[in-house]
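What you see is a predicted model; the values in this text were computed from it and never measured.
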Amino acid sequence: MTDASIPLIVGGDIGPQGDAGSDRARPDADLLEGLNPPQREAVIYRGPALLIVAGAGSGKTSVLTRRIASLLRSREAWPSQILAITFTNKAAGEMRERVAQLVGDRAQGMWISTFHSACVRILRREAEAFGFTKSFTIYDSGDTRALLKRLVKEHEADAFGLTPGSVMSKISKLKNELADAESYARSANMSDPAERVFVEVFGEYQRALQRANAFDFDDLIGQTVFLFRAFPKIADTYRRRFRHILVDEYQDTNHAQYALINELTRPVGSDAQPFDGGGGMMIFEATPEPGSDTDAASLTVVGDSDQSIYAFRGADIRNITEFERDYPGAKVVLLEQNYRSTQNILTAANSVIGNNFDRKDKKLWTDVGAGEKIVGFTGYSQHDEAQFVADEIEALHRTDIDYSQMAVFYRTNSQSRALEEIFIRSAIPYKIMGGTKFYERAEIKDAMAYLVAIANPADEMAVRRILNKPRRGIGDVTETAIARYAADQQITFRDALANASALGVGPKIQAAIAQLDAVLAEAAEIMLPSSGELAPPTAVAEGLTLLLQKSGYMSALRQSKDPQDEARLENLDELVAVTREFARNNPDGTVIDFLTEVALVSDADDLEDASGSVSLMTLHTAKGLEYDAVFVTGVEEDLIPHRISAGEPGGPQEERRLFYVGITRARKRLYMSLAMTRAQFGEVTVAMPSRFLQEIPADLIDWRQSPGDVNSRGGIQSRALNARRPGGSGGGFGGAPARRFGDDLVPKSTALDRFPNRIPARVRDNGDMILGPGDRIRHEDFGEGRVDAVTGEGAKRVAHVRFDKVGAKKLLIKIAPIEKI
DNA sequence: TAAATATGCTTTTTT
DNA sequence: AGCATATTTA
């Protein structure tokens, strides 16, 4: 497979290059070291398009970094010609570091970043082409929500059942599809008043952003696409520049991101032509001379459709499943060998994911051996469950596993509370990834709003936010007066503050406004000197300190008797420290740069300082990470799969992928735990084992305490019962092999067999549903189908169904997620 | 205008 | 239960 391709690169590259550093006859000999054949292929293949289907733990990061290194080493590309897109800033940092390890300083100058950061860079350069300035700011979801809240109120949209939240998610969805208010209006049912109001709000929202010289998260991508399409010349400069584009986690790209990549990988000067024609023909030509600056950039995408877990925010799995159609002639490399987990863990993962029907079959395997069994535990309550996790962590720690090599996953952030409580009590060092974010705290947002007011005075939201923080006696009435005055005078809200005396408000308030205006002006002079002179690196830190002090923000907190305000002061100190750190890392960094960095950084990004502590995070955050020991908690119906997913098409399948992602993070030890009761919204509800547990072969799980051992009314059944816990000879699972039951087979022996009475009644119990030949049913995953025959009796009746979309299946009538239609 | 109290809503996941 | 917002009251 690789025989033909290896000479291709070696041949082109053996010439005397006088390469800096370690010269070798074959510059990439060491890059290929330790790689299996498909991995090598993925590193050395050259062509217009390459899809690397990388199963979990198959070494894709390694492959990707070596591929980049190989391009650089062989001088096929300058660093500046490489654009690598990752999902998080942290992943970008890691990739940059690993490439640097391979090629040294030459790694400088590459663009390795997230979609959002890359787009910001482009937009900053080109903003003036379409009505923005270089100093635009970025609205995070909180800002967006606040703006929409005002607009919804102004348009009385709530009367039509619109909430800021619903409008926000709808706008986001549309933007991810590259739609705007006008294009949506054309296709929407405008006789529906709710739709009309929505379009109005959407349009108004967009105009507000434009006026504020700001982009929201989705705009960063969408507007860049718009920019490229509207200004082919601009697009061409980037097409000429980026000759090699690599995209990681391609399964989680949405349509806008797809379109962006599509724009960048067109041939230079090709805007008049349809995309397919040009790209498809070229592959049969002899390899075009590298450096020819009219052909399309080469595109490498890496992904795994089994790990697509962001459909809810517009990720379109088809981007990867239809890659070969979009890029005809694309090379596909499949990485299935897993270097991370034991076989038991992989078998469990394979069995679970095998229940998703519309996937290409892919089986992870390893040669490291079976390893330990998965450990299962059912607690009476979430506290009980947390105690188990804590105890096990301690036990593992005593066997010399470092805390930093352990992680606890959960479906929803709220589940972290119970764990935290127990961890604190048990003195286990832990760190929560994500969760309540530093930059979302009110005092931090206030401080940031002060900075925005300086950096981007057009951003009215920011100025309004700080208007009365700290309390200056400026209320709604005054705020409206300022806005009216600004509109009358055709000046910005910010500039209106300079004319306090003209507002027709009381002298006290006038003084307060004038004072705020003076402080803002003074800080602006520090951070953005009107002389045009470059501000010193410390400008942001100094300016922020000045703002916080002279505005009275700090002293108001100091004088407060609310004990929480002390913590708020500490947080502000922390923020000032962040600006200093920023100055150290970016000597030329401006306020704008600082704001950008903060806007695009997520808390999951600073995983580094997790050393020495157990990591707690959601299953989503866990993607891309790995640990020696992994605890997947709350494996219950309505949690994983989450109840909200039940209604969404494809929801349960996405939840299964999420569970799969969690399982495949584990290297050596995997724990799964659940609770029989869980407090939610202040009331205690009975929880049922997740259906996904049934999908794991029973002999892979060692139940320390199975759901059958726990009395659902509370408490644990007699010790005697607990004592005959399977493990010795009796178990009854010896003979049942891990039989594949993904498609047509009814589960033969599953993890829940040992407590058959506990098969979640609430989860699924169709009772005595009567089905006969000819009936039509609807299945949660498979869609609609027609019953051909029914066999078996009682609880074991099996329906033979021919589904419209997925063909024939056999289903256990009692428990299948079906309904008669 | 600001503090105190009542209500109601949340909990899916995030760049 | 806990938090954020709405409403009432000083």
For nucleotides 8-10 of chain C, which of its nitrogen or oxygen atoms have a protein nitrogen or oxygen under 3.5 Å away, and what is each distance?
none

Review point. Got a salt bridge between E654(A) and R657(A), using NZ or NE/NH1/NH2 to carboxylate O under 4.0 Å?
Key: yes

Exercise for review: Determine the minimum heavy-atom distance between P689(A) and L674(A), stating which atoms define it.
Suggested key: CA-CD1, 3.7 Å

Exercise for review: Using a strict cut-off of less than 4.0 Å between a Lys/Arg side-chain nitrogen and an Asp/Glu carboxylate oxygen, indicate whether E695(A) and R691(A) qualify as a salt bridge.
Suggested key: no

When you compare the protein's N or O atoms with those of nucleotides 4-12 of chain B, which come within less than 3.5 Å of each other, and at what distance?
{"unit_1": "dT12(B)", "atom_1": "O2", "unit_2": "R411(A)", "atom_2": "NH1", "d": "2.9"}
{"unit_1": "dT12(B)", "atom_1": "O2", "unit_2": "R411(A)", "atom_2": "NH2", "d": "2.1"}

Review point. Taking the side chain of F217(A) as its heavy atoms from C-beta onward, which of dA3(B), dT1(B), dT15(B) lies nearest to it?
Key: dT15(B)

Check your understanding: Is a salt bridge present between D638(A) and R678(A), judged by a nitrogen-to-oxygen distance below 4.0 Å?
Key -> no

Check your understanding: Looking at E637(A), E655(A), E636(A), which hits salt bridge (Lys or Arg N to Asp or Glu O under 4.0 Å) with R411(A)?
Key -> E655(A)

Exercise for review: Apply the test salt bridge (charged side-chain N to carboxylate O under 4.0 Å, His left out) to residues K60(A) and D304(A): give CA-CA distance (whole Å), side-chain angles for both, the deciding distance (0.1 Å), then the verdict.
Suggested key: CA-CA 10 Å; K60(A) 65 162 189 181; D304(A) 176 4; over 6 Å; no

Check your understanding: Could R665(A) and Y627(A) be counted as a cation-pi pair, given that NZ or CZ must be under 6.0 Å from the ring centre and within 45° of the axis?
Key -> no

**Study point:** Electrostatic pair K445(A)-D143(A), nearest N-O below 4.0 angstrom
**Key:** yes

Exercise for review: Return the value, rounded to whole Å, for the distance between atom CD of Q251(A) and atom P of dT13(B).
Suggested key: 20 Å

Practice item. Tell me what T478(A) touches on the nucleic acid: a base, only sugar-phosphate, or nothing, going by heavy atoms under 4.0 Å. Key: sugar-phosphate

**Study point:** Out of dA3(B), dT15(B), dT1(B), whichever nucleotide has its closest atom nearest the side chain of H116(A)
**Key:** dT15(B)

Exercise for review: Kindly say if T621(A) contacts the phosphate of dT14(B), meaning a side-chain N or O under 4.0 Å from OP1 or OP2.
Suggested key: yes

